[in-house]
Every structure is written in structure tokens, then in C-alpha cells.
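This report refers to the structure that appears directly beneath it.
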Amino acid sequence: MTLSTPRPLLGCIADDFTGATDLANMLVRGGMRTVQSIGIPSAEVAAGLDADAVVIALKSRTTPVGEAVAESLAALQWLREQGCEQIFFKYCSTFDSTAAGNIGQVSEALLKALGSDFTLACPAFPENGRTIFRGHLFVQDQLLNESGMQHHPLTPMTDANLLRVLQAQTTLPVGLLRYDSVARGVDAVRAKIAELRQKGVAMAIADALSDADLYTLGAACADLPLLTGGSGLALGLPENFRRAGKLRDLDAASLPPVAGGEVVLAGSASAATNAQVDAWLEAERPALRVDPLALAAGEPVVAQALAFVQAQQDSVLIYATSTPEQVKAVQRQLGVERAGALVESALGEIARGLRDQGVRRFVVAGGETSGAVVKALGVRLLQIGAQIDPGVPATVSSGGEPLALALKSGNFGGRDFFSKALRQLAGGQP
Ligand SMILES: Nc1ncnc2c1ncn2[C@@H]1O[C@H](COP(=O)(O)OP(=O)(O)OP(=O)(O)O)[C@@H](O)[C@H]1O
Ligand SMILES: O=C(O)[C@@H](O)C(=O)CO
């Protein structure tokens, strides 16, 4: 069936940049043509939209609650004006939030604005090891609060009981959609939701151990105006629209080819990114380390990086990635914020300089880093393509000269991710 209207069906609000890309990847996998907008799209961008799903990437994970709520409500209004039938609020699969919020408050504000009395909260992402049982979040084999996330610099997660964490962030009653119901299928989930609603529960943490559970939840929630969670909860949503005859028959993942030079920029210091940098160095491919102390001393690090890339035959990795101990040592000297800002701004400037030198394909590691690079490149809208690794798709920018970008959350991607992503952005198979 071919439908002519490109009106978006699903409107999504993501609380960070690479989280938005992760969700968009899931929707494209399900056959929905998806674009990601950096902030609320301009009227010009809105006029040219051709998408089944729109993901608006905000930076509301760690901003003050009031700001996060206001930005999310503005995004909601824009999505409703485009005619979206269902809204998805995407947050991290490790439920990243500060002691103050913002997952609960934003969910509550969205529910009220939509005139709805119930939503699910489900950060499960089994493909990346995040599962929920009896309301407790596991990362691989560890409870959330023993997984390393208890040491996160901005959003330390010290409690794996999501009912407690969420209830501390909202005045609305929080309940549990237990695994017993999820395992019994769509009808059992619907019946349980009706029961929870009757008891006055407004947000239910949903247990989920596998993709099959997430498909069940997705199918059972086709009629809810708002869903909240990680990208996993979106697995089953495209099928709801397909079943209703609303999805167009097209290759949702097709992207235009992008010719030009290529580079990898890594500003994440996560364990996964450290392993990916090690793999690149072990393969003896050209790489240059950006030293935050050299940046602080005013050394011409950006110019050196641009000259280094120009002198190489092979593709280059520019990285600030260091071990947690090295990062802490730098942060002690410069302060956490200044160290991060120096590195982000340098990688952004390097990206812009490389674009002027003919680089058109960028692999970027780290959420904050991706935000800084995309901003420096002036990118406002991304068309989402095929998955490279779970949670990370290839993308191409819309408006202006097209750039191919792979934007990786710090913790995502296999050890060979950088080479794999470069191959896929160049039009090859991953
Ligand atoms: N060597 C370093 N010393 C100090 N700070 C660094 C260093 N390398 C990177 N940083 C900073 O650490 C932060 C890493 O955040 P970023 O969001 O990019 O990665 P991440 O936290 O691993 O990814 P995600 O948010 O997707 O999980 C950035 O602000 C970056 O500039
Ligand atoms: O859900 C996840 O884990 C990611 O999309 C993310 O949001 C990381 O910051």
C-alpha cells in the first residue's frame, strides 16, 4: 500500500542527543521513515518534512527541572501541531536522572498536557543488557546501582528500584506492571493496565526481560497517547501503525550516498569508547590525542589536528578519550565543567575545520561530544538510516551540503565500531 501523506504519526521527545538517535534507529528498524531534529524544527524545516516519525532531541536530562519541563512541553506542542497521533518520551536505558529529576516531572507534565491519566515507564533495552524485573533495573548481570552507574559524574544512579526513583520525581502515583502479566501476552497486559488505572496509578514501571516482552508492551499500548522509556519500548510501535494501514511501503533506511573525506572524533571516556580507541591503536591506524591540559595552556591543538589529518593517507582518529583515572586527574586540575567544555569546543572546531578541508563523513563518540560537533557543523536535521550497532544508526544531514554522521552514545558499539561505522557511512556493508 502506498499512502501519499507524509504526516508524522509518532512524535518523540528525547532528553539527550545520542539517545534521540538510538530511538530513531529503533523506529527505522521497524520500517518508519524517521528524522531527528536538533531542538524544535524551524517553520522552513517543518514545511519540507517527509517522515513517519519525528524525534526532537533536547538536552533536558540534566538541566533544571523547570527548563526541562518547559522545553518538553514546547516540543509536545510542535509535534501535536504536525498531527502526531502518539507521543514517546525517550530517556536513558539506565534511567539517568539527577536527584531533582527530570524523568518524573517531564512525564507528569506531558501526561497532563495530553489530557491523559496513564503511561508506562520502561527503560529496558535487552540488546544492550538493560532488563527490568519486579521494578528493578539490571545492567547486564548487575543491579543498576552496582553497575558503575553509581559513579556517573552527572547522574549517579544509587537505587535500582525504579518505583522509588520515579516516585521521588512525581506527585502522581507510581505502580508496577509486573512480569507475570507481561509474560502472559497482550490481553493480560491490557487487563493489568485497566486494573492499575482503576487503582489510580498514573505511571507504571513495566518489567521486561526480552525483545518479545517489549513487542507485547508495544502492542498493548497502541492506544495510549503517551509512552515513556528507552528505545526498546519503541520496538513494537511501528507494527501498530502498520496494522492500522498507516505506514507507507518504502525502504525507511535508505540514505543518499555522501562522497568526501572521513574522520573519527572521540570525546567519550566510557569503557566502551576506551576499548574502541584501543582497537584502532592496536590496528596501527593514524590517531592523534587531544590533551585537555594543552588546550588549557592555549596550545594550537586545533591547528595541529587539522594539519595531522591532512598529512595522512588513511582515515584518522582524533580522541580525547582517556582512562577514568586520567580524566579525574585532569578534572582535578581544570574542574569537571571546564575540562569538558574545552574538549567539546576543540572537537567541534576540529570538525568544522575538517569540513572546510573536504571531510564529509564523521563518526563521533559521546553524547555531549556529538552535540558539540553537530552544533559546530550547523546541522539541524538528520535523516536516519540503517543500524551500525545496536542503538547507533548511520545518518545523513538534511539542508545544506549533506554530511554523513554516526553518533554513538558513550556506552554503545562493539570494539571494532569505528572501522565498521566508517565502512557503513561510505556506503558499504557494516
Ligand atoms: N581526557 C579528558 N579529560 C577530561 N574530560 C574529558 C576528557 N575526554 C573527554 N572529556 C569530556 O567528558 C565528557 C564526555 O561526555 P560524552 O557525553 O561526550 O561521553 P559519554 O558520557 O561517554 O557519552 P553518553 O553521554 O552518550 O553516555 C565530555 O564533556 C568530554 O569533553
Ligand atoms: O538509552 C540509552 O542508553 C541511550 O540512548 C542514551 O540515552 C545514552 O545517553
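Atoms within a ligand are numbered from 1 in the order they appear, just like the ligands themselves. Remember, predicted model here, so these are calculated numbers, not experimental data.
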Any ion pair linking Asp52 and Arg33 (charged N to carboxylate O, less than 4.0 Å)?
no
Using a strict cut-off of less than 4.0 Å between a Lys/Arg side-chain nitrogen and an Asp/Glu carboxylate oxygen, indicate whether Lys59 and Glu71 qualify as a salt bridge.
no
Tell me the closest heavy-atom pair linking Ser181 and Val189, and the distance in Å.
O-CG2, 3.8 Å
Numbering as shown, the atoms of ligand 2 that approach Lys90 to under 4.0 Å (heavy-atom distance):
1 (O), 2 (C), 4 (C), 5 (O), 6 (C), 7 (O)
With the threshold set at 4.0 Å, does a side-chain nitrogen-carboxylate oxygen contact exist between Arg134 and Asp180?
yes
Do ligand 1 and Glu344 have nitrogen or oxygen atoms that lie under 3.5 Å from each other?
yes
Heavy atom of the protein closest to atom 21 (O) of ligand 1 (residue, atom name, distance)
His152 NE2, 4.9 Å
Going by heavy atoms, is Asp16 under 4.0 Å from ligand 2?
yes
The option among Ser370, Ala320, Ala329 carrying the non-hydrogen atom nearest to atom 7 (C) of ligand 1 is Ala320
Test your reading of the structure: does Gln331 have an N or O sitting under 3.5 Å from an N or O of ligand 1?
no
Can we say Asp22 and Lys408 salt-bridge, meaning some charged N sits less than 4.0 Å from an Asp/Glu carboxylate O?
no
May I ask you to say whether Arg242 pairs ionically with Glu239, meaning some side-chain N is under 4.0 Å from a carboxylate O?
yes
To the nearest 0.5 Å, atom CG of Leu227 lies from atom CZ of Phe89 at 12.5 Å
Starting from atom 8 (C) of ligand 2, what is the nearest protein heavy atom, named by residue and atom, and what distance separates them?
Ser409 OG, 3.4 Å
Can you list the atoms of ligand 2 that are under 4.0 Å from a heavy atom of Arg61?
6 (C), 7 (O), 8 (C), 9 (O)
Under 4.0 angstrom from atom 1 (N) of ligand 1, is there any protein heavy atom?
yes
SB check Asp96 Arg61 (cutoff 4.0 Å):
yes
Which of these, Ser268, Gly19, Ala272, has its nearest heavy atom closest to atom 22 (O) of ligand 1?
Ser268
For Thr369, the ligand 1 atoms whose distance to one of its heavy atoms is below 4.0 Å:
18 (O)
Which of the atoms of ligand 1 are close to Ser270, meaning less than 4.0 Å from one of its heavy atoms?
22 (O)
Counting heavy atoms under 4.0 Å, the part of Pro292 that contacts ligand 1 is side chain
Looking only at distances, please establish whether an N/O atom of ligand 1 is found under 3.5 Å from an N/O atom of Glu368.
yes
Considering only NZ, NE, NH1 and NH2 on the basic side and carboxylate oxygens on the acidic side, decide whether Glu85 and Lys246 come within less than 4.0 Å.
yes
The closest protein heavy-atom partner of atom 3 (O) of ligand 2 is Ser93 OG, 2.6 Å
Protein contact of atom 6 (C) of ligand 2 - nearest heavy atom, named by residue and atom, plus distance:
Cys92 SG, 3.6 Å
Taking side chain as C-beta onward, heavy atoms only, is Met157 less than 4.5 Å from Phe95?
yes
Whether Asp15 and Lys90 form a salt bridge (side-chain N of Lys/Arg under 4.0 Å from carboxylate O of Asp/Glu) is what I want to check.
no
Distance-only side-chain donor-acceptor flag, Asn411 / Ser409, under 3.5 Å
no
Provide the number and element of each atom of ligand 1 under 4.0 Å from a heavy atom of Ser322.
1 (N)
Which ligand 2 atoms, with their elements, are less than 4.0 angstrom from a heavy-atom of Gly19?
5 (O), 6 (C), 7 (O)
For Asp22, the ligand 2 atoms with a heavy-atom partner under 4.0 Å come out as 1 (O), 2 (C), 4 (C), 5 (O)
Return the residue, atom name and 0.1 Å-rounded distance of the protein heavy atom closest to atom 25 (O) of ligand 1.
Gly367 N, 3.8 Å
At a non-hydrogen distance cut-off of under 4.0 Å, which region of Thr18 contacts ligand 1 (side chain, backbone, both, or neither)?
side chain
SB check Glu282 Arg415 (cutoff 4.0 Å)
yes
Taking N or O atoms only and a 3.5 Å limit, does Gly340 qualify as a polar contact for ligand 1?
yes
If you have a sec, work out which protein heavy atom is nearest atom 14 (C) of ligand 1 and how many Å separate them, to one decimal?
Gly267 O, 3.3 Å
Under-4.0 Å heavy-atom contact with ligand 2, by part of Phe125 that carries it
neither
Can you tell whether the side chains of Arg29 and Glu127 come within less than 4.0 Å, N to carboxylate O?
yes
